[in-house]
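Report on the structure given below.
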2 protein chains.
Amino acid sequence: MASVTSEPGLRERKKQRTHTAISEAAIELFLRHGFDQVSVSQVAEAAEVSRRTLFAYFPAKEDLVVHRFADHEAEAGRVVRDRPADMAPLEALRVHYLDGLARRDPVTGLNDLPAIVALYRMVLETPALVARMYRFQAGAEQELTDALHETAGVGEFAARLAAVQIVAVHWTLTLDNARRLAAGEAADERYAGAVSEAEQAYALLANGLGRLGAPGGA
Amino acid sequence: MASVTSEPGLRERKKQRTHTAISEAAIELFLRHGFDQVSVSQVAEAAEVSRRTLFAYFPAKEDLVVHRFADHEAEAGRVVRDRPADMAPLEALRVHYLDGLARRDPVTGLNDLPAIVALYRMVLETPALVARMYRFQAGAEQELTDALHETAGVGEFAARLAAVQIVAVHWTLTLDNARRLAAGEAADERYAGAVSEAEQAYALLANGLGRLGAPGGA
DNA sequence: TGCGAATGTATACCCAGTGCAGAAAAAGTC
DNA sequence: GACTTTTTCTGCACTGGGTATACATTCGCA
């Protein structure tokens, strides 16, 4: 009769709490002193955990930061899979991205909560963190490749080509927004420009680089 | 009167020789035992150089391998800048890439000299090396962005969008070829497929993902 | 021949990440 | 509530990449 609920059990709950405790201690220290200026030992100490335990929760120092973006690795693939039956994949992605901008979803780079902006800035300024982010891009490419291949009636190679273009463009849009907000722009102020650039990007994806097909370009 | 020629001088020549000596010793050891199984100390010893000197020539262990690909960082940008006045940027890139395939240029992934294939395989199998390669992609994107912006009469953001798509597609093509050769396929055997995929990729770049604009895909 | 600048070396150090053996704590058992 | 089993945490020692410093060597040049 010890537990009437079917909760995860003390062990699981404690693990969860330790995980967030380490992550929060880490980000707080990193934001205050810079990623490279803080050692994992200091993070472990601040989180009141042994160094060895920290590495049991996070495989590398960089992951203390970038694990917060890990959820979005599968996002593009999911959007494509879950789209209405009468909607084209690219259209579903476009709608979803524009919706993200409107909701100020952090994955679009268009959220100016101070904590988020500071995080953007730190990642952009730290090569090791940027490098780690590329891993997510590779994962997103794979997810999107599979989704396109399986639901859009297109060959695997064509799906991969489309996926790498889409992911690269998404990343460019997000980076552009994040850089502008990191430079001090407000999200509301940036919103119109972000929408316009997103529309431009999706038009380019849909219609190709036709303008570059002419000698002079335009 | 010590030197009648305008050669680089002994100091420069010695530096050059040390550089290649270290690089060759490194790659030989890495190919034999694996990148992660060889320490930089072992490389330094094999090159008859101190560890500290090695790091004066190569900023990181990974660079002992990937510096061989560094030349090609500016290639796409250069091709666009040097194109004939009456040729579109995308067309210039397409021609150049197809020519690279025909010449079995290693940057296309379609060179099956044993030493090259072994190098491909090692890079593909070693995450740290792949990660380092992404840095070149970022450089190539920047070069191509500038070239497109300055010579194709297109805005900087549009140029960047085009550049990231082109670089991503190129990388995909190269990776695909390299993987196949690493798996044992011969270059001559692969050639036709490589050309066909390249044409498909450039058609996609030029005309867009139109096929994905329809609900069913095709 | 000798002097200044660049380059190479030895040594000692910091930090990220891992292996291992044992302590602590939660979970299941009676 | 005491006992055992299993998981997690910890301390310690070690490898390996990368850097700082201080000193030796070598080259360029007059």
Side-chain angles (χ1 to χ4, degrees), chain A residues 1-23 25-26 29-30 33-67 126-129 131-132 135, chain B residues 1-23 25-27 29-30 33-67 126-132 135:
Chain A
M1 191 72 78
S3 121
V4 281
T5 73
S6 61
E7 277 170 19
L10 178 54
R11 196 158 246 168
E12 279 309 309
R13 272 177 290 149
K14 216 166 186 179
K15 263 176 93 164
Q16 196 57 45
R17 262 186 294 149
T18 305
H19 190 272
T20 65
I22 294 173
S23 169
L29 282 175
F30 290 157
H33 302 111
F35 183 79
D36 295 317
Q37 275 61 55
V38 178
S39 73
V40 292
S41 301
Q42 292 175 276
V43 173
E45 189 174 4
E48 294 180 301
V49 161
S50 84
R51 223 174 72 93
R52 203 67 187 73
T53 298
L54 185 152
F55 279 112
Y57 281 85
F58 297 91
K61 185 186 181 186
E62 290 79 18
D63 292 306
L64 289 166
V65 177
V66 304
H67 78 101
T126 310
L129 292 175
R132 207 73 168 193
R135 186 172 298 189
Chain B
M1 192 74 72
S3 119
V4 280
T5 73
S6 62
E7 276 172 19
L10 178 55
R11 195 159 251 167
E12 279 309 309
R13 272 178 289 150
K14 216 165 185 178
K15 264 176 90 165
Q16 196 56 46
R17 260 187 295 149
T18 306
H19 189 273
T20 65
I22 295 173
S23 169
I27 289 183
L29 282 174
F30 290 156
H33 302 111
F35 182 79
D36 294 319
Q37 275 60 54
V38 178
S39 72
V40 293
S41 301
Q42 291 175 278
V43 173
E45 190 173 4
E48 293 180 303
V49 160
S50 84
R51 225 173 72 93
R52 202 67 186 69
T53 297
L54 186 151
F55 279 114
Y57 281 86
F58 298 91
K61 184 185 182 187
E62 289 80 19
D63 293 306
L64 289 166
V65 177
V66 303
H67 78 100
T126 311
L129 292 175
V130 175
R132 207 73 169 192
R135 185 172 299 190

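Everything numeric here is computed off the predicted structure, so don't read it as measured data. Residue numbering restarts at 1 for every chain, and letters A, B, ... go by the order of the sequence lines.
The structure places CG of A:L64 at 5.0 Å from CZ of A:F30, a figure rounded to the nearest 0.5 Å. The distance from the OG1 atom of A:T53 to the CZ atom of A:R51 is 11.0 Å, given to the nearest 0.5 Å. The CD1 atom of B:I27 sits 11.0 Å away from the OG1 atom of B:T20 when rounded to the nearest 0.5 Å. Separation of atoms CG (A:D63) and NZ (A:K61) is listed at 12.0 Å; rounding is to 0.5 Å.
Backbone-only engagement by B:V38 is indicated by non-hydrogen atom pairs under 4.0 Å involving sugar-phosphate atoms exclusively. Residue contacts for B:S39: at a heavy-atom cut-off of 4.0 Å it reaches the sugar-phosphate backbone alone, with no base atom in range. B:A56 comes within 4.0 angstrom of nothing in the nucleic acid, heavy atoms only.
Counting only heavy atoms from C-beta outward, the side chains of A:H67 and A:H19 approach each other to under 4.5 Å. Contact annotation: the side chain of A:K14 never approaches that of A:R11 to less than 4.5 Å [non-hydrogen atoms, C-beta and beyond].
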Please tabulate, for side-chain N and O atoms in residues 41-49 of chain A, each donor-acceptor pair with protein atoms closer than 3.5 Å (sequence neighbours left out).
residue: A:Q42; atom: OE1; partner: A:S39; partner atom: N; Å: 2.9
residue: A:Q42; atom: OE1; partner: A:S39; partner atom: OG; Å: 3.4

Find every protein N or O atom lying less than 3.5 Å from an N or O atom of nucleotides 21-23 of chain D, and list the pairs.
none

B:S23 and B:F58: CA distance, side-chain angles, deciding distance, side-chain contact (heavy atoms from CB on, under 4.5 Å) verdict: CA-CA 9 Å; B:S23 169; B:F58 298 91; 4.1 Å; yes

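Among D:dT7, D:dT10, D:dG18, the nucleotide with an atom closest to any side-chain atom of A:R11 is D:dT7.
With a cutoff of under 4.0 Å to any heavy atom of chain A, the contacted region of DNA chain C is bounded 5' to 3' by C:dA16 to C:dA27.
A:K61 has its NZ atom 18 Å from the P atom of D:dG17, to the nearest Å. Here D:dT10 presents its C1' atom at 13 Å from CD1 of A:I22, a figure rounded to the nearest Å. Nucleotide D:dT8 holds its C1' atom 11 Å from the CD atom of A:E12, rounded to whole Å. Rounded to whole angstrom, the span from the NZ atom of B:K14 across to the P atom of D:dT25 amounts to 14 Å. The CZ atom of B:R132 sits 11 Å away from the C1' atom of D:dG17 (whole-angstrom rounding). The CG-C1' distance, from A:L54 to D:dG11, rounds to 15 Å in whole Å. D:dC9 atom P lies 12 Å from atom NE2 of A:H19, rounded to whole Å. Remark: P of D:dT15 and CZ of A:R51 are 15 Å apart, rounded to the nearest angstrom.
Distances shown here put a side-chain N or O of A:T53 below 4.0 Å from the OP1 or OP2 atom of D:dT10.
Place B:E62 and A:Y57 on DNA chain D by their nearest nucleotides, and A:Y57 ends up nearer the 5' end. When the nearest nucleotides of DNA chain C are assigned to A:P59 and A:Q42 by heavy-atom distance, the more 5′-ward of the two goes with A:Q42.
Residue A:F55 comes nearest to A:A60 through the heavy atom pair CE2-CA, 4.5 Å, listed as atom of the first residue, atom of the second, then distance. Closest heavy-atom contact between A:Q37 and A:H33: CB-O, 3.2 Å.
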